[in-house]
Amino acid sequence: QVSLVESAGGVVQPGGSLRLSCEASGGALNMAIMAWFRQIPGKEREFVAAKRRSDGHTAYADSVKGRFTISRDRASKVAYLQMNSLKPEDTAVYYCAATSTNYIVSAMRDKERYSYWGQGTQVTVSS
């Protein structure tokens with residue numbers, strides 16, 4: 001049974017930075033793709049970033065490109081989301097997701113492709 005455990009989020013001032021981590025444990029430790037999604041109440045869960053282990057390819061939502069960076073540790077068990085220049089509209093519950101299937105790039109943004117999810121962690125950007 002694969003488990004994804006996210007680090008705690010927090011409250012950050014606009015323009016600030018925060019790093020989230022997500023550790024995979026249990027079976028199939030080397031997940032093919034690890035990703036981050038986020039959700040605010042009443043809205044669909046939206047794609048933020050993803051990284052594919054096989055070739056290191058990354059994908060980002062337009063809203064975070066240039067500000068957020070996804071990375072994975074050498075063993076590919078932990079994924080990180082470095083968030084810089086945070087804006088109030090980045091406020092959401094952030095979810096880590098993973099899949100053992102090596103999807104094509106276009107599929108990496110689709111939340112339906114991910115089999116495993118973390119519990120979610122709140123990030124609030126406010127002065």
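What you see is a predicted model; the values in this text were computed from it and never measured.
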Straight-line distance of [X] [atom1] to [Y] [atom2], nearest 0.5 Å:
X     : Y     : atom1 : atom2 : value
Met34 : Tyr80 : CE    : OH    : 10.0 Å
Arg38 : Glu44 : CZ    : CD    : 14.5 Å
Met31 : Arg53 : CE    : CZ    : 10.0 Å
Arg72 : Ile33 : CZ    : CD1   : 8.5 Å

Considering only heavy atoms from C-beta outward, does the side chain of Leu81 approach that of Thr69 to under 4.5 Å?
no
Verify side-chain contact (heavy atoms from CB on, under 4.5 Å) between Ile40 and Thr91, making sure each step is shown before the conclusion.
CA-CA 8 Å; Ile40 60 175; Thr91 296; 5.8 Å; no
Is a salt bridge present between Lys87 and Asp90, judged by a nitrogen-to-oxygen distance below 4.0 Å?
no
Charged N to carboxylate O below 4.0 Å: is that the case for Glu46 and Lys111?
no
Sequence neighbours left out, cut at 3.5 Å: what donor-acceptor pairs do the side chains of residues 4-17 make with other protein atoms?
residue	atom	partner	partner atom	Å
Glu6	OE1	Gln119	N	3.3
Glu6	OE1	Gly120	N	2.5
Glu6	OE2	Cys96	N	2.6
Ser7	OG	Ser21	N	2.9
Ser7	OG	Ser21	OG	3.4
Ser17	OG	Asn84	OD1	2.9

For Phe37, which of Tyr94, Phe47, Tyr95 qualifies under ring pair (Phe, Tyr, Trp, His ring centres under 6.0 Å)?
Phe47
Crowded around Glu89 CD? As in, over 12 foreign heavy atoms under 6.0 Å?
yes
Restricting to non-hydrogen atoms, name the atom on [X] and the atom on [Y] that form the minimum distance, rounded to 0.1 Å.
X      : Y     : result
Ala79  : Trp36 : O-CZ2, 3.9 Å
Leu86  : Arg67 : CA-NH1, 3.9 Å
Tyr114 : Ala50 : OH-CB, 3.8 Å

Are [Y] and [X] co-members of a hydrophobic cluster defined by side-chain heavy atoms under 4.5 Å apart?
X      : Y      : result
Val123 : Phe68  : yes
Ile70  : Met108 : no
Val93  : Trp117 : yes

For [Y], is there any backbone N or O sitting under 3.5 Å from a side-chain donor or acceptor partner on [X]?
X      : Y      : answer
Thr99  : Thr101 : yes
Arg109 : Tyr60  : yes
Arg19  : Gln82  : no

In sequence, state the C-alpha distance, the side-chain angles, and the governing distance for Ser3 and Tyr116, and then conclude on side-chain contact (heavy atoms from CB on, under 4.5 Å).
CA-CA 7 Å; Ser3 173; Tyr116 308 104; over 6 Å; no
Positive for side-chain hydrogen bond (donor to acceptor under 3.5 Å, both in side chains) with Asp55, one of Lys51, Arg52, His57
Arg52
